[in-house]
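Reviewing the structure listed below.
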Amino acid sequence: MKSYRKIEYSFYARTNVLQIAKELLGKVLVSVQEGKLTSGMIVECEAYTGEQDKAAHVYGGKRTKRTEKMYGDAGHAYIYFCYGMHHLINVVTHSRGIPHAVLLRALEPVEGIEIMMERRKKLKLDYTLTKGPGSLCQAMGIHTRQNGESLLGDHIWIEDQGIKIPKEQIECGPRVGVDYAGADALLPYRFWIKGNKYVSRRPKSKFDTVG
DNA sequence: CGACCGATCGTCT
DNA sequence: GACGATCGGTCGA
């Protein structure tokens with residue numbers, strides 16, 4: 001098996017979460033749970049820009065038990081339970097006390113596909129295996145018990161496998177499922193790889209462009 | 001293929 | 001007691 005470079009602390013500890021989100025496209029999320037390794041290339045993600053962001057859990061300085069990990073240091077996972085049945089994973093960025101994060105929304109499977117199919121109870125491989133934030137967590141065995149884990153450790157990390165996504169292949173648009181956020185629901189903070197089959201939904205607008 | 005809707009439960013008010 | 005940063009099934013075109 002080849003050895004790739006694990007993304008280091010300095011990548012996450014930067015201040016521009018929109019830039020970090022764009023750069024995460026093409027990187028590979030790796031998860032080792034109960035000795036089983038699975039991995040997938042990040043093809044879609046969303047940036048959440050802190051306490052001023054009406055779509056973020058921490059809007060208005062809402063520092064609670066649930067959001068506490070978002071306030072922690074960069075390079076950790078913020079994992080929460082949603083809609084009574086799904087686990088969603090965010091990458092925490094910026095610095096302690098500044099709750100920025102990137103929600104991972106879709107992966108293109110790379111390693112451990114049979115393990116992912118088993119967890120997802122799929123008999124046939126199709127694009128729904130790791131499409132959508134809840135689906136990808138289920139496929140990778142990611143659970144709220146890993147909330148707050150370091151992304152520099154041995155269970156969940158992100159690798160640079162040398163895949164470079166050209167700027168013209170990156171599209172952006174409004175974030176999904178945040179209609180309650182008023183004007184902030186329209187901000188183009190969702191990024192995806194153009195045409196990738198694992199992206200969780202078709203673009204809402206043909207006017208989407210990378211700024 | 002799009003619109004709709006029920007499932008399901010931890011967290012916060 | 002209400003409400004989700006969702007998913008998968010169903011229905012109709």
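Just so it is clear: chains get the letters A, B, ... in the order the sequence lines come, proteins before strands, and each one is counted from 1.
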>> Check this one for me: any side-chain N or O of A:Arg105 less than 4.0 Å away from OP1 or OP2 of C:dT6?
In response: yes

Hey, is A:Glu68 close enough to A:Arg63 for a salt bridge, meaning N to O under 4.0 Å?
yes

Closest of C:dA5, C:dC7, B:dT13 to the A:Pro133 side chain is C:dC7

Report the C-alpha separation of A:Val43 and A:Met41 in whole Å, then their side-chain angles, then the decisive distance to 0.1 Å, and conclude whether the side chain to side chain contact (heavy atoms under 4.5 Å, CB included) test is met.
CA-CA 6 Å; A:Val43 302; A:Met41 181 177 75; 3.8 Å; yes

A:Met85 atom CE is separated from C:dG9 atom P, nearest whole Å, by 13 Å

Check whether any side-chain nitrogen or oxygen of A:Ser135 sits under 4.0 Å from OP1 or OP2 of C:dC7, and answer yes or no. yes

*asked:* Under 4.0 Å, counting only non-hydrogen atoms across every strand here, what does A:Phe81 touch: a base, just sugar-phosphate, or nothing?
replied: sugar-phosphate

ask   = Is it true that the NZ or CZ of A:Arg66 lies under 6.0 Å from the centre of A:Tyr80's six-membered ring and within 45 degrees of the ring axis?
value = yes

Picking from B:dC9, C:dG8, C:dA5, the nucleotide nearest the side-chain atoms of A:Arg120 would be C:dG8

Scanning all shown strands, the Watson-Crick or wobble mate of C:dG4 with both distances under 3.5 Å is B:dC9

- Query: If we require ring centres under 5.5 Å and near-parallel planes under 30°, does A:Tyr80 stack on C:dA5?
  - Reply: no

Give the intermediate values and the outcome of side chain to side chain contact (heavy atoms under 4.5 Å, CB included) for residues A:Val32 and A:Trp157. CA-CA 9 Å; A:Val32 178; A:Trp157 68 89; 3.8 Å; yes

Base, sugar-phosphate or nothing for A:Leu103? Non-hydrogen atoms, less than 4.0 Å.
base

Within the pair A:Tyr180 and C:dA5, is there a side-chain N or O less than 4.0 Å away from OP1 or OP2? yes

